[in-house]
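In what follows, a single structure is set out as structure tokens and then discussed.
Because the structure is predicted, anything quoted here is derived from the model rather than measured.
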Amino acid sequence: MDSVIRDSGARDASPSHHHLDLLDRQLAHALQIDGRVPFSRIAAAIGTSDRTVARRYHRLRADGVLRVVGLPDARSLGLVDWAVRIQCTPDASVAIAAALVERADTSWVGLASGGTEITCITRAQGGSAQGSMLLSKLPRTPRITGVTAHGILRPVAGLAGWPGRTEALDARQAEELSRLAAPGAPSRDVRPGTADDRLFAVLAKDGRAGVPELAAATGWSESTVRRRIDELRSAGVLYFDVEIDPALYGYPYEAMLWLTVAPGELGTVAEALAGHPEVAFAAAVTGPSNMMAIVIVRDGDALYDYLATRVGALPGVRGAETTLVTRHVKRGGALVTPRRPPGPRGAAPAPS
């Protein structure tokens, strides 16, 4: 299965042989605070040289271990994110996931439940009449046995990144970098245009892309690029995230929880999930399961304990469905490897 996924164009973003030392973890933590912070400021905060930090970052990125991505916020653009679950036969999952990876409107494409389910986030125009075209493009095949879509109403946890990767800096170091990253108030009403779309496209591949590259993509001057990024960040339209596999931190077990919560307890459950270090992301969603969460733990015993003692104790939780994530074939940013030739004859037809 792994070779087929890699051939689809997705990158294996975390070679199993790589080991993260303290500097790697400090660098990832610093970039989670501010994805475009200069290496000199990271070096000053952690007490090393600019050259050492830059060399380490470029090595991690070249090895496919770490990537910074710049992403537009859906709600700021009048868009809606949907969490989609596609149940299918195991022989079809790889081909369908590979096709979803290639779409510009998908992120966080993963295989779950032993290859019998594909999960992804798809972005669509807001409003019931302007929904995503993804579902209508799914292949018409009996190998897809079910599809459910949950509109993401409000993210409630994980907005600052998975807590497991934000523990390498001490309080002074984190505060120094946070202070430098704090945005000012936007100077004017920020309404993204066509040139901003080109800016987003580059940043989705490399959140630390140089200003000259961004100027060439947008047609702006370098000073305009710097000012525009500041405006977009200050307005909450643009944010930066770090892509790195939690398995490299010793947490290889990832699961998606679909909770059914009494409406009157949604706020209480959301607040509790936001305080759980196991939760990488959580959001209130539409559908029978009205709260989804991505949980990262060390092993099956830890997941059992989390479900039994943390989730089980939350008021208003009437049910919980758990699916194990086998592998992510696309994370938050754009695919950075070129398209590959079509799969072997007989593979499941792909969305387009």
Side-chain angles (χ1 to χ4, degrees), residues 13-14 16 20 25 28-29 32 81 83-85 87 107-121 148 150 152-169 174 241-329 331-332:
S14 54
S16 59
L20 298 182
R25 295 172 187 238
H29 187 170
Q32 185 65 57
D81 283 337
V84 180
R85 305 175 65 184
Q87 289 77 38
S107 60
W108 295 103
V109 180
L111 302 179
S113 301
T116 61
E117 179 169 312
I118 303 164
T119 60
C120 73
I121 302 295
T148 56
H150 304 257
I152 296 180
L153 302 177
R154 179 182 297 175
V156 299
L159 300 182
W162 172 55
R165 69 165 177 254
T166 55
E167 297 178 341
L169 300 175
D241 198 8
V242 175
E243 295 186 348
I244 188 168
D245 195 329
L248 296 173
Y249 290 82
Y251 292 84
Y253 230 71
E254 182 171 339
M256 296 194 69
L257 302 187
W258 300 92
L259 304 179
T260 303
V261 182
E265 299 290 353
L266 276 172
T268 300
V269 172
E271 184 178 357
L273 293 176
H276 291 178
E278 299 89 349
V279 174
F281 177 78
V285 298
T286 62
S289 298
N290 52 1
M291 185 75 73
M292 63 169 284
I294 300 173
V295 175
I296 296 172
V297 293
R298 291 192 182 276
D299 52 33
D301 286 336
L303 180 59
Y304 173 88
D305 290 339
Y306 176 71
L307 293 172
T309 64
R310 307 293 292 279
V311 175
L314 295 177
V317 175
R318 297 172 174 171
E321 181 185 356
T322 308
T323 59
L324 289 179
V325 177
T326 307
R327 176 180 289 272
H328 286 293
V329 293
R331 295 182 184 270

- [ ] With the side chain counted from C-beta on, respond yes when Val325 and Ile294 share a heavy-atom pair under 4.5 Å apart, and no when they do not.
- [x] no
Task: Shortest non-hydrogen contact from Ala160 toward Thr166 - done: O-CG2, 4.1 Å
Open item on the list: Looking at Asp245 and Arg331, is any side-chain nitrogen of the basic one under 4.0 Å from a carboxylate oxygen of the acidic one?
Closed with: yes
Extract all donor-acceptor atom pairs below 3.5 Å that involve side chains of residues 304-312 and protein atoms in other chains or at least two apart in sequence.
residue : atom : partner : partner atom : Å
Tyr306  : OH   : His276  : ND1          : 2.9
Thr309  : OG1  : Asp305  : O            : 2.5
Arg310  : NH1  : Glu278  : OE2          : 3.2

Task: Minimum heavy-atom distance between Thr322 and Leu257, given as atom pair plus value - done: OG1-CD2, 3.5 Å
Task: Rounded distance (nearest 0.5 Å) linking atom NE2 of His328 with atom OG of Ser107 - done: 10.5 Å
- [ ] With the side chain counted from C-beta on, respond yes when Leu153 and Thr286 share a heavy-atom pair under 4.5 Å apart, and no when they do not.
- [x] yes
Task: Nearest heavy-atom neighbours spanning Trp162 and Ile296 - done: CZ2-CG2, 3.7 Å
- [ ] Could you check if a side-chain atom of Leu111 sits within less than 4.5 angstrom of a side-chain atom of Ile118, using non-hydrogen atoms only?
- [x] yes
Task: Heavy-atom donor-acceptor pair, Glu117 side chain to Arg85 backbone, under 3.5 Å - done: no
- [ ] Verify whether the ring centers belonging to Trp108 and Phe281 lie closer than 6.0 Å.
- [x] no
Task: Ile121 side, atom CD1; Asp81 side, atom CG - distance, nearest 0.5 Å - done: 6.5 Å
- [ ] Might you point out which heavy atoms bring Glu167 and Pro163 nearest each other, and give the distance in Å?
- [x] CG-O, 3.2 Å
TODO: Might you point out which heavy atoms bring Val109 and Cys120 nearest each other, and give the distance in Å?
DONE: CG2-CB, 3.8 Å
Open item on the list: Testing the basics here: between Thr326 and Ser113, what is the closest heavy-atom pair and its distance to 0.1 Å?
Closed with: OG1-N, 4.2 Å
Open item on the list: Given 3.5 Å as the limit, does a donor-acceptor pair link the side chain of Arg165 with the main chain of Pro246, or not?
Closed with: no
Task: Leu169 backbone acceptor or donor facing His29 side chain under 3.5 Å - done: yes
Open item on the list: For the CE atom of Met292 and the CD atom of Glu321, what is their distance to the nearest 0.5 Å?
Closed with: 12.0 Å
- [ ] With rounding to the nearest 0.5 Å, note down the distance linking CD1 in Ile244 to CG in Leu20.
- [x] 5.0 Å
